[in-house]
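Take a look at the structure set out below.
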Amino acid sequence: MAAVSILETKGLTKIYGGLQANTDINFSLRRNAITALIGPNGAGKSTFVGMVSGRTKPTNGSVFFEGQDISRLPAHKRIQLGMAYTFQITSIFPGLTVEDNVALAAGRKLAHDKTAHAQKTAAVLDKIGLGDRADQVASDLSYGHQRVLEIAMGLAQDPKLFILDEPTQGLAEGEVDAFVTLMRTMAKETTILLIEHNMRVVTETADHVAVLDQGRLLASGTVDEIHANAAVQAAYLGTTANA
Amino acid sequence: MVVFRSAALHSCVLLALVALFFVLPAYHVGAFSRIMVLAIYAIGYNLLFGYTGLLSLGHAMFFAAGMYGFGLSMNFGGLTVLPAFAVGVTAAGLLSVAVGFLALRTIGVAFMIVTLMFAQTFYLVILYFGEYTRGDEGFIIQQAQRSIAGIDLTTETARYFTAFILFAICFLAMARLVQSPFGKRLVAIRENEERARMLGYDVGRLKLAALVVSGLFSGVAGAAYAMLFGYVGASFAAVHYSIFPLLWVLLGGAGTTVGPLIGVIFMFYLIDVSSSFTNAYMLVAGIALVLLTLFAPQGIAGTLRKRAVSWLP
Ligand SMILES: Nc1ncnc2c1ncn2[C@@H]1O[C@H](COP(=O)(O)OP(=O)(O)O)[C@@H](O)[C@H]1O
Ligand SMILES: [Mg+2]
């Protein structure tokens, strides 16, 4: 039987020069649910997921994925274990076609099987609504479509844990709606850790919410619990829509 | 469809090279033997520079490793052509593994400088062991030794077709390689290394593999040069022989399968033609290079791909 949590961090800390970007974070992520990570700009959200995915080397602390200590694994090995990651600043292969972008994402697992690889690529393009742009060069896409492409590259990997760093930033309303729908369908098969500024997206998708403030984990619980949490209330939710 | 077109294009290139032998005057047949060997070198360079996005300024050491591995093992080891050829290619392969392990810790300008330094060291080592290598002067491989199974490689015909066969193998193998999952991953590194890593690709290993394959092709070219032209000299390890493949690939079209060959032909005849009517032929060549870089920054094949034939492999 799989444990309730898929990911745990113990005492995760990151110090940049004199700045404590993350301080002693003990975090546990529920399997097959959507957890939103919120907090003001500079709270340390990107730093946190950077340390989870292996992009950022922690100053201290450890990361466990499915019970395994992955603290010493390089990023690509963690991805191979079943994580996928989308960057806060869109990161795609600009000179390649949309199809090649997705094919590269799907290809790590499927490149040995041409048929399965092509099928997977086509299915993802279709699901995300980029099918008719498959032959377009990625750098020619609109900003919104580039973000969607990056999400497609995450999907194509069939991750166990999908980490998205502010995926809806800069998306149009309609695109945000489509994103919400997509997250809901995905949550059935995978665990999602979503850094999100848009509170509507958080309330419409998240089962759980974790709040980060000045590098510390301030609170975590269900959406309702977080809403009721006085400290969080005072600090963010009541004061700004830009939580 | 794209696969079919690529195969058709590559077959046409090879057929054209065969046809050239029968239509060209002797001087140009000799020129094309040389061009095909140097194009193998350019093809190897292109894998690292054009496809993987790593700019090396030290590839002459791999070319020279192939050349000296071949030449020294024949003259001092008493080997015949085929085993000596294997020694040359192996030497280039081993050298590229060693250089890769160290140089690939760096990126960008640092990588350029580190590869340049390794190549300079290699060049100096060749000079240092002048007793065997005869330094800048170089040494000759006797005509009588240059034969495979009784076929004399020094005749114009044998030389042309040996160069052609080697070129064809390298050309087709590389065309296949860059279309394979491995080749696509190298392109991914060129396009966005961090994204490639965060898709779970072992970027370090892929780069090393690209460098070693690139080094092996360069070694094949170096050994072939010594085998077909019978001369081994330190000038082939000097810095300009590291710059040449960069120029060829830039001119012909980086990251295209036909670009390296086009680049070598273009540069060869640019210098050949301009030197026939002026002493300042390097000036003419330089101006042509600057113009091409300004108006066709993607090289000849790269510009064709952008303007007209988008499927160009
Ligand atoms: N590479 C870095 N070097 C120095 N400081 C950094 C670096 N990355 C992030 N920081 C700092 O760490 C803090 C947390 O940043 P970040 O994790 O990006 O926050 P968030 O994603 O919540 O907006 C910020 O004060 C930021 O300036
Ligand atoms: Mg951030």
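A quick note: this is a predicted structure, and the numbers were derived from the prediction, not measured. The sequence lines fix the lettering, A, B, ..., with proteins before strands; numbering per chain opens at 1.
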[Y] backbone acceptor or donor facing [X] side chain under 3.5 Å:
| X | Y | result |
| --- | --- | --- |
| B:N192 | A:F93 | no |
| A:R55 | B:E194 | no |
| A:R108 | B:L199 | yes |

>> How long is the straight-line distance from CZ of B:R197 back to OG of A:S91, given to the nearest 0.5 Å?
In response: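 One gets 11.0 Å once the value is rounded to the nearest 0.5 Å.
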> Distance from A:M153 atom CE to B:M198 atom CE, nearest 0.5 Å?
Replying inline: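 It comes to 12.0 Å.
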Inspect the surroundings of [atom1] in [X] and state if more than 12 heavy atoms from other residues, nucleotides or ligands are less than 6.0 Å away.
| X | atom1 | result |
| --- | --- | --- |
| B:I107 | CD1 | no |
| B:L291 | CG | yes |
| B:F101 | CZ | no |

>> Only pairs of heavy atoms separated by less than 4.5 Å count here; which of A:A156, A:P74, A:A75, A:G95 has the most with chain B?
In response: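 Most pairs with chain B among the choices: A:G95.
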> Between A:T86, A:I79, A:L96, which has the largest tally of heavy atom pairs under 4.5 Å with chain B?
Replying inline: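 Of A:T86, A:I79, A:L96, A:I79 has the most heavy-atom pairs under 4.5 Å with chain B.
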If every non-hydrogen atom of [X] is compared with every non-hydrogen atom of [Y], which pair is closest and at what distance?
| X | Y | answer |
| --- | --- | --- |
| B:G200 | A:Q80 | O-NE2, 2.8 Å |
| B:R195 | A:Y85 | NH2-O, 2.8 Å |
| A:G107 | B:R185 | O-NH2, 2.9 Å |

>> Between B:K184 and A:L104, does the side-chain contact (heavy atoms from CB on, under 4.5 Å) criterion hold? Intermediate values first, please.
In response: CA-CA 8 Å; B:K184 305 242 161 163; A:L104 272 162; 4.3 Å; yes
> What part of A:L81 lies closer than 4.5 angstrom to a heavy atom of chain B: side chain, backbone, both or neither?
Replying inline: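 No part of it gets close to chain B.
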> Between A:A111 and chain B, which part of the residue has a heavy atom less than 4.5 Å away: side chain, backbone, both or neither?
Replying inline: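 For A:A111, the contact with chain B is made by backbone and side chain together.
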Going by atom type alone, with no hydrogens or angles, which donor-acceptor pairs under 3.5 Å involve a side-chain atom of residues 251-262 of chain B and a protein atom two or more places apart or on another chain?
unit_1 : atom_1 : unit_2 : atom_2 : d
B:T256 : OG1    : B:G253 : O      : 2.7
B:T256 : OG1    : B:G259 : N      : 3.0
B:T257 : OG1    : B:H10  : NE2    : 2.8
B:T257 : OG1    : B:P313 : O      : 3.4

